[in-house]
Amino acid sequence: VQLQASGGGLVQPGGSLRLSCEGFGFSLDYYAISWFRHAPGKEREGVACISNTIRNDNPYYADSVKGRFTISRDSAKNTVYLQMNSLKPEDTAVYYCATRPYGLGMPMNPNPTDFDSWGQGTLVTVSS
């Protein structure tokens, strides 16, 4: 299982970015995928999670990003996206995508220990 995250960068407050998490060598459809973020001095936080395509549960969003972030998947591209709108300075962090073990459902409140394969991080900086 290999994941590659991309799409980070510098954006002004109020701006938007779309992060991508592409899978290599396997189909992401059978995995619940979560985006986590890790800011300096803070614990890693689960911001959004999407279930595998078999279960098709409603996505999870942390309260801090509800209404601003949207997680989605494109099976044809074997990619999961995180659309981030109305970005705030407090969204600044390294963002990671991660998969749950094959076939497992989406946790109610994603914790890093629930996920066993991780992509490299992509840095998002929100600053004027």
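It should be emphasised that the depicted structure is a prediction, and the values quoted were computed from it without experimental measurement.
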Basic-acidic side-chain contact under 4.0 Å: K88, D91: no
Residues, nucleotides or ligands: over 12 heavy atoms within 6.0 Å of F24 CZ: yes
Pairs touching residues 3-81 that satisfy disulfide (SG to SG under 2.5 Å), sequence neighbours left out: C21-C97
Atom of S127, atom of P13 and distance for their closest heavy-atom approach: C-CD, 3.6 Å
Reported OG1-to-CG distance for the pair T70 and N85, which is rounded to 0.5 angstrom: 6.5 Å
R73 side chain near D29 side chain, heavy-atom distance below 4.5 Å: yes
Heavy-atom pair of closest approach, residues T53 and S75: CG2-OG, 4.4 Å
Expected output: side-chain S51 to main-chain A32 donor-acceptor under 3.5 Å: no
Joint hydrophobic cluster, L19 plus Y61, side-chain heavy atoms closer than 4.5 Å: yes
Minimum-distance pair of heavy atoms, taken over all atoms of I71 and P59: CG2-CB, 3.7 Å
ILVMFWY cluster, V47 and Y60 together (side-chain gap under 4.5 Å): no
Donor + acceptor pair across side chains of S64, E45 (<3.5 Å): yes
L3 and Q120, any side-chain heavy atoms less than 4.5 Å apart: no
Hydrophobic cluster identity match, Y31 and L104, side-chain contacts under 4.5 Å: no
4.5 Å side-chain heavy-atom contact, W35 and L82: yes
Inter-residue atom distance T122.OG1 - Q4.CD, 0.5 Å rounding: 10.0 Å
Nearest-0.5 Å distance, OG1 of residue T125 to CD of residue Q12: 13.0 Å
Heavy-atom side-chain contact between D116 and T99 under 4.5 Å: yes
Steps toward side chain to side chain contact (heavy atoms under 4.5 Å, CB included) verdict (D114, R100): CA-CA 6 Å; D114 296 324; R100 291 214 78 196; 3.9 Å; yes
Inter-residue atom distance M84.CE - R37.CZ, 0.5 Å rounding: 9.0 Å
Flag side-chain contact, heavy atom, 4.5 Å: N78 against S27: yes
Distance-minimising heavy-atom pair for S20 and T79: CB-CG2, 4.0 Å
Pairwise distance CD(E43) to CG(N111) - rounded to 0.5 angstrom: 9.0 Å
V80-Y30 co-clustered via ILVMFWY side chain contacts under 4.5 Å: yes
L28 side, atom CG; I33 side, atom CD1 - distance, nearest 0.5 Å: 4.5 Å
Pairs where residues 109-128 contributes a residue and the test ring pair (Phe, Tyr, Trp, His ring centres under 6.0 Å) is met, not counting sequence neighbours: F36-F115, F36-W118
Six-ring centre of Y96, R44 cation under 6.0 angstrom, axis tolerance 45°: yes
hydrophobic_cluster_shared for F26 and Y81, side chain cutoff 4.5 Å: no
